[in-house]
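From a predicted model like this one, the values you see are computed outputs, not experimental measurements. Just follow the structure's listing: the first ligand is 1, and inside any ligand the first atom is 1.
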Amino acid sequence: MELNQELLEKAKEASQKAYCKYSEFPVGACAFFESGNSYIGCNVENSSYGLALCAERNALSTAIVKGETSKLVKLAIYSPKSSKCFPCGACRQWIKEFSKGFNTEIILEDETGNCCSFYIDELLPYEFQLV
Ligand code: THU
């Protein structure tokens with residue numbers, strides 16, 4: 001299977017673990033790094049609604065705690081509730097943090113069930129920077 005399709009399948013699997021009893025909107029993500037390692041995440045909600053953790057940030061946090069230090073090359077995102085499940089604004093800023101100057105590929109499933117790609121620089125051309 002092609003790599004992008006594989007990552008999307010892992011994101012799909014992760015979405016099945018979503019803890020989303022308030023929104024009932026499951027999301028799964030799979031982050032692929034230059035090292036060749038990949039990490040999954042799902043959204044995790046809370047009775048205090050605003051504390052919900054997005055699937056993308058969950059996957060990226062897992063990568064960090066596992067010791068990942070290489071560039072974020074690709075990130076697949078999937079929700080059974082929506083085709084082309086784009087990352088929210090906060091997650092775009094997080095993705096930039098680990099892109100390290102590389103134009104990370106965002107892999108989504110389109111309306112026909114096929115993979116499609118966008119790039120973080122088009123989704124967030126100007127991120128917040130300290131300097
Ligand atoms: N969500 C994500 O997991 N990723 C995003 O990029 C946007 C939204 C989750 C948060 C919440 O649990 C649910 O989707 C509905 O907003």
Side-chain angles (χ1 to χ4, degrees):
M1 197 189 290
E2 199 227 336
L3 178 59
N4 285 8
Q5 189 61 48
E6 256 175 50
L7 298 174
L8 200 53
E9 291 304 321
K10 286 184 181 174
K12 269 187 201 184
E13 247 179 82
S15 74
Q16 288 167 13
K17 304 269 171 52
Y19 180 80
C20 57
K21 58 197 271 192
Y22 303 104
S23 73
E24 294 185 348
F25 190 91
V27 185
C30 182
F32 177 80
F33 286 79
E34 204 174 26
S35 60
N37 296 322
S38 64
Y39 308 88
I40 56 166
C42 62
N43 54 332
V44 182
E45 297 186 345
N46 190 272
S47 59
S48 179
Y49 297 168
L51 298 181
L53 173 64
C54 289
E56 299 91 317
R57 280 181 275 167
N58 195 358
L60 294 171
S61 298
T62 298
I64 294 305
V65 78
K66 296 274 189 190
E68 186 58 64
T69 55
S70 70
K71 282 179 194 161
L72 177 61
V73 176
K74 295 169 186 275
L75 178 68
I77 309 165
Y78 175 83
S79 173
K81 289 281 180 80
S82 130
S83 61
K84 292 198 190 120
C85 185
F86 284 103
C88 74
C91 288
R92 293 178 194 200
Q93 178 76 25
W94 262 62
I95 293 162
K96 279 273 180 163
E97 184 72 30
F98 303 109
S99 295
K100 296 178 182 166
F102 181 80
N103 194 4
T104 302
E105 183 180 4
I106 308 297
I107 303 151
L108 309 177
E109 188 173 81
D110 71 13
E111 298 74 10
T112 62
N114 292 313
C115 282
C116 60
S117 290
F118 295 83
Y119 289 86
I120 193 61
D121 286 356
E122 59 176 327
L123 299 185
L124 184 65
Y126 301 104
E127 80 274 27
F128 171 76
Q129 284 182 321
L130 283 172
V131 281

Report every pair formed by an N or O atom of ligand 1 and a protein N or O atom separated by less than 3.5 Å, giving atom names and the distance to 0.1 Å.
from: ligand 1; atom 1: 3 (O); to: Ala55; atom 2: N; distance (Å): 2.9
from: ligand 1; atom 1: 4 (N); to: Glu56; atom 2: OE1; distance (Å): 2.8
from: ligand 1; atom 1: 4 (N); to: Glu56; atom 2: OE2; distance (Å): 3.4
from: ligand 1; atom 1: 6 (O); to: Glu56; atom 2: OE1; distance (Å): 3.4
from: ligand 1; atom 1: 6 (O); to: Glu56; atom 2: OE2; distance (Å): 2.7
from: ligand 1; atom 1: 6 (O); to: Cys88; atom 2: N; distance (Å): 2.9
from: ligand 1; atom 1: 12 (O); to: Asn43; atom 2: ND2; distance (Å): 2.9
from: ligand 1; atom 1: 12 (O); to: Glu45; atom 2: OE2; distance (Å): 2.5

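Applying the side-chain contact (heavy atoms from CB on, under 4.5 Å) criterion to Phe102, with sequence neighbours excluded, gives Lys71, Val73, Thr104. Under the side-chain hydrogen bond (donor to acceptor under 3.5 Å, both in side chains) criterion, Asp121 pairs with Lys96, sequence neighbours left out.
Note: Phe118 and Phe86 have perpendicular aromatic rings, judged against thresholds of 30 and 60 degrees for the angle between ring planes.
Side-chain contact, Ser48 with Asn46: no donor N or O sits under 3.5 Å from an acceptor N or O.
Of the candidates Lys12, Lys84, Lys81, Glu109 forms a salt bridge (charged side-chain N to carboxylate O under 4.0 Å, His left out) with just one, namely Lys12.
Sorted by first and then second residue, the salt bridge (Lys or Arg N to Asp or Glu O under 4.0 Å) pairs with a member in residues 43-66 form an empty list; sequence neighbours excluded.
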